[in-house]
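These notes are about the structure you will find just below.
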Amino acid sequence: MALHVPRALTAAIVSFALAQPALAHEQAGVAGGLVSGLLHPVTGIDHLIAMVAVGIWGAQLGAPAIWILPITFPLVMAVGGVLGVLHVPLPMPEVMIAVSAVILGVAVAARLRLPFPAAALVVAIFAIFHGHAHGAELPRAANALAYGVGFVTATGLLHLFGIAIGALTRWPFGERVIQGLGAGIAGVGCYFLAQGLGAVA
Amino acid sequence: MKLKPVRVLMAVAILLTGTSAADAHVVAARLGDFYMGASHPLTDLQDVVLWIATGVLAGTLGASKGRWLIPVFPIGLLVGLSLAPVFGTVSTQLADATMMLAIGMLLAAAAQVPTLVLCAIAFAVAVIRGAANGAELGPETDRLLFAAGLACVGYGVVTLTMALTVVFKRTSDSVTSWRAIAVRALGGWIGAIGLMMASLVLAS
């Protein structure tokens, strides 16, 4: 027992010795761009749930969607990103991103089995809106290339996360869990939709 | 014996509080410009993304095609470096973005690129990046040492990336195996970055 105080003291000393000055200013350079790019899709809950839902839906649809989606989605999203960079306005971007979460959530919850071209078209339209939102931030980033690398990587990893969750469809219980998750995503999407339309402050 | 961890922690804490920045003056040493040439591209994201993309593309096409890049890529870097005074301070951003888009699309499509085209792409990347690295050299830099460092790191990065990709994506894998898809998805990411960067350069 007598050793507890020295240990606590030691821990305190080590903590102080290891302390680094916090640099909370505007992040600069490659690291700043990379961090802001990585965090942009993750910190926006509406983006996050929609991207995960794309992965889950792709896994539910099975081949070829499960492997075509991760390859083509970033490229289609980049087209939206280009529109964002060029400041080409899209109609009601926030509302459309919320709608994407609702529709993708419902698709997952209902195990909607659209033919692949139709599913790809739905996802592509939403990808352009999501890419537009990210791309609009690109010229303001500390390092545009680093920001681009960050947000494409984050989006890809969110997809991968969704596909990994979607692997639960192999088991009947997992399928139910995923449908519940889809309903949850649709519910959160509804909240953002209401917010986008001004119904919720 | 019971006090030992505490003593170790105390010692570590004292050592940490007494540390100061290591200042080994590598850059100022006689071979400093060699290390500058070797480290300069690794600190630039354009180089990192494009070199890795080139290595991955070569790796996906197999060792028999990819091994041509082992001499082609460093030679391209040296050619680019020697052309740097001609290019001057012309920005290579659009060329970089175009190469990212092209290599990314080829990877995403799992295109079977002929060896000659692969060598041409790698040579173009190397020349562009060699020139970009050379454009930032000061008059006091030893160009020979810088070139040697650049060529060595170019050789190392491309060869290692290629070898890792060959090992990762085994030739026996089908086109829908997760390894093949992972490499193609990486291509999609690189292509997407290239497309957005190209638009950014054209817009600004």
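Keep in mind that the numbers below use all heavy atoms, side chains included, and drop hydrogens, waters and symmetry copies. Chain letters run A, B, ... following the sequence lines, proteins first, then strands; residues in each count from 1.
- Salt bridge status for A:E175 with A:R170: absent, with no side-chain N to carboxylate O gap under 4.0 Å.
- From A:W67, atom CH2 reaches atom OG1 of A:T72 across 10.0 Å, with rounding to the nearest 0.5 Å.
- The aromatic rings of B:F73 and B:W51 stand perpendicular to each other, their planes meeting at an angle above 60°, with 30° marking the opposite boundary.
- Contacts of A:V79 with chain B are made by both backbone and side-chain atoms, with heavy-atom separations under 4.5 Å.
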Residue pair B:D96, B:R129: steps toward the side chain to side chain contact (heavy atoms under 4.5 Å, CB included) verdict:
CA-CA 8 Å; B:D96 291 332; B:R129 292 316 305 163; 2.7 Å; yes

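- Scanning residues 97-109 of chain B against chain A with a 4.5 Å heavy-atom cutoff picks out B:M100, B:M105, B:A108, ordered by number.
- Distance CG/B:L57 to CD1/B:I190: 9.0 Å, rounded to 0.5 Å.
- Both the backbone and the side chain of B:Q46 come within contact range of chain A, each with at least one heavy atom under 4.5 Å from a heavy atom of that chain.
- With rounding to the nearest 0.5 angstrom, the CE atom of B:M36 is 10.5 Å from the CG atom of B:L150.
- Only the side chain of A:F151 comes within less than 4.5 Å of a heavy atom in chain B; its backbone stays farther off.
- Interatomic distance, CD1 of A:I49 versus CZ of A:F192, reported as 6.0 Å (0.5 Å rounding).
- Both the backbone and the side chain of B:M196 come within less than 4.5 Å of a heavy atom in chain A.
- Interface summary for chain B: among A:V149, A:T153, A:L145, the most heavy-atom pairs under 4.5 angstrom belong to A:L145.
- Within a 6.0 Å sphere centred on CZ of A:F116, other residues, nucleotides and ligands contribute more than 12 heavy atoms.
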